[in-house]
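Quick notes on the structure that follows.
Residues take their numbers from the sequence shown, with the count starting at 1.
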Amino acid sequence: MVTVDPLKIEDYGLIGDGRSCALVGRNGSIDWLCWPRFDSPACFAALLGDGENGHWLLAPDEERGGAPLVVSRSYRQNGMVLETVFETASGVIAILDFMAMGTETPTLIRIVEGRRGAVPVLNWLVMRFDYGLSVPWVTRLPDNMGINAIAGPSRCILRCPVALHGEDRHTVSRFIVSEGDTVPFVMMHLDSHDPVPDPIDALQALRRTEQFWADWIARCTYHGDHAPAVRRSLLTLKALIYQPTGGIVAAPTTSLPEELGGSRNWDYRYCWLRDASLTLIAIMAGGYFEEAVQWRNWLQAAVAGSPDQVQIMYGIGGERLLNEWEAGWLPGYAGSTPVRIGNAAAGQLQLDVYGEAIAALHLARQTRLCAITDGWRLEVGLLQHLATIWKEPDEGMWEVRGGRRQFTVSKISCWVAFDRAIRDVEKYGLEAPLEEWKALRTEIHDTVCREGFNRDKNCFVQYFGATGLDAGLLLIPIVGFLPPEDPRVIGTIAAIERELLDENGFVRRYIPDPEVEGVLGDEGAFIACSFWLVNAYVAQGRMEEAHALFKRLLALRSDLGLLAEEYDAKAGRQVGNFPQAFSHLSLVNTAAILSAGRITPTGAPPLPVL
């Protein structure tokens, strides 16, 4: 019996094909794969349990003397083909892991290469559909060159040149790889009623996939001081984009905990409107306007319809029903329960999404991603609805489950919505109730400055009447709500530095309060918020501090350049869903701001106009 326990989050590498992603451990085990889409049920779910919940180990066989002495890994040609090199006492092998680009059927390929000597290798496949619950019916392929695994509507086919056999509902092969040998394993996903597809050439698929990623990253126009980090983040973001629609998932995982052993576990395999403007900034800062247009089109299609039905998040295809339930048979990562599938926050009222959506559409118009009038009627409808609800309490940008409050950042985002729309009306002569919107913009601004500012602490606070802080307040000078030299802004940034920084100088979202949040426990520093502090430093002209903090943030990345949602300073490791789009978007955005040395009045680095 061979089993695996989940590794540290940063010990996983990401591979993807624009439809889904897999996480490959440093030990050669694929512990997470949802197929055929990001939001499909997982067929490898050991990440949230153990090996019996599904994993695929391909590594030197330790029981036959192949214990690795040194393990190193990198992305080949700076793309998305992961190469893990195992050095053993008897030789060296490399395993190339990738999801093939350009195939009609979703295909995962693992190639074992002999680099030196002779190494015993173990292939141990435990396939469990439905998030580790369903054991498939496994049969041999007619040509005896692989297996066919079926459970309900799902089917996976594995082809390989080595003999496979069953061991207690596991598929196993043991073989020797000598210098110069190449042993490919090709796994495909299809519906259970579909016919068996023809075999594909693994080496040809490798060349095609490497060429795809090489061509894509060659288009990057960012050449600043932090180019390698920016390129890796852009590649990660590209892998998180669902190509059929252009939607980008917040992360390819669910329920990786914000606190090890805690209950702050959420499903992030969906598209948040909150990421909208930051996504556009980051993608365009890298020179990727085709992807920016796709994202903008996804955004407009998602929010189309009745303005009072706008959600904070949608499925990758624009789905609106994201019902939340718990997979009780999974013990959770590091014992962190519950494991949640779906996300009930989709039904929350979060006023900030109106500001983020309007800001993104404004940015698309400013950079000529679309025609000036494209989507304007939709925006007018959204703003007319926002005019009737902006005074209401909401769950806030951090999606609290402790009840609605008058969150300060939510109101600031409402101001952003009207401000960006007013700018477009004045610049392009678009039809709108301009004076009404100007009056609302002023009213919102006055309300925030009156109700959201604590004179005793000389800073803005998390919600009206509160004394606690919120890292989202760092956006005040970034979005142009107040200038960075305003004493209230200076006081707010100083208060955040005083109260929300952890021992490493990274920013926490807020001080956890069960009454406000509706959940117990603690969490780590929020990586995106720490990038916001860098941006605030730039806005204030504190460039030395900005560069120093950015350097420390880059040091948090894994050896493969990947970031989760948060960083646990006490444990010294990454926590939260992984890799996190919001963290990588923020890295790209901040790198562009540092390279420019300034921020535009709408919070972005200077961007080209098409």
Other residues, nucleotides, ligands: >12 heavy atoms within 6.0 Å of R455 CZ: no

query: Would the F550 and F531 ring centres measure less than 6.0 Å apart?
result: yes

Salt bridge (charged side-chain N to carboxylate O under 4.0 Å, His left out) assessment of K411 paired with E443: CA-CA 11 Å; K411 306 307 182 188; E443 182 182 0; over 6 Å; no

message: Walk me through whether R573 and E566 qualify under salt bridge (charged side-chain N to carboxylate O under 4.0 Å, His left out).
response: CA-CA 9 Å; R573 55 188 291 191; E566 299 183 2; over 6 Å; no

- prompt: Taking only residues two or more places apart in sequence, or in another chain, which ones meet N323 in a side-chain hydrogen bond (donor to acceptor under 3.5 Å, both in side chains)?
  reply: none

- prompt: Do T590 and N535 meet the criterion of a side-chain donor-acceptor pair at a distance under 3.5 Å?
  reply: yes

- request: Could you point out which residue of F453, W415, F418 forms a ring pair (Phe, Tyr, Trp, His ring centres under 6.0 Å) with F481?
  value: W415

- prompt: Knowing that exactly one of F407, F526, W272 qualifies, which makes a ring pair (Phe, Tyr, Trp, His ring centres under 6.0 Å) with W398?
  reply: F526

Closest approach of L369 to A292 (non-hydrogen atoms, all atoms of both residues): CD1-CB, 3.8 Å

query: Under 4.0 Å between a Lys/Arg side-chain N and an Asp/Glu carboxylate O for R264 and E565?
result: no

query: Is the shortest distance from a Lys or Arg side-chain nitrogen in D267 or R340 to a carboxylate oxygen in the other one below 4.0 Å?
result: no

- prompt: Under the side chain to side chain donor-acceptor pair (under 3.5 Å) rule, what pairs show up with a residue in residues 217-227, not counting sequence neighbours?
  reply: R219-E291, Y222-S595

task: Give a yes or no on whether the backbone of G262 and the side-chain of N265 come within a donor-acceptor separation of less than 3.5 Å.
output: yes

query: Within a strict 4.5 Å, meaning less than it, do heavy atoms of the Y314 and L273 side chains meet?
result: yes

- prompt: What do you reckon, is CZ of R377 surrounded by more than 12 foreign heavy atoms closer than 6.0 Å?
  reply: no

- prompt: Got a salt bridge between R441 and D419, using NZ or NE/NH1/NH2 to carboxylate O under 4.0 Å?
  reply: yes

message: side chain to side chain donor-acceptor pair (under 3.5 Å) for H362 and D424? Distances and angles first, verdict last.
response: CA-CA 7 Å; H362 164 77; D424 284 347; 2.7 Å; yes

field: Carboxylate-amine/guanidinium proximity below 4.0 Å for R542 and E497
entry: yes

query: How would you list, by chain and number, every residue that makes a side chain to side chain contact (heavy atoms under 4.5 Å, CB included) with E503, sequence neighbours excluded?
result: A569, K570

task: Using a strict 4.0 Å threshold on nitrogen-to-oxygen distance, state whether R508 and D522 make a salt bridge.
output: yes

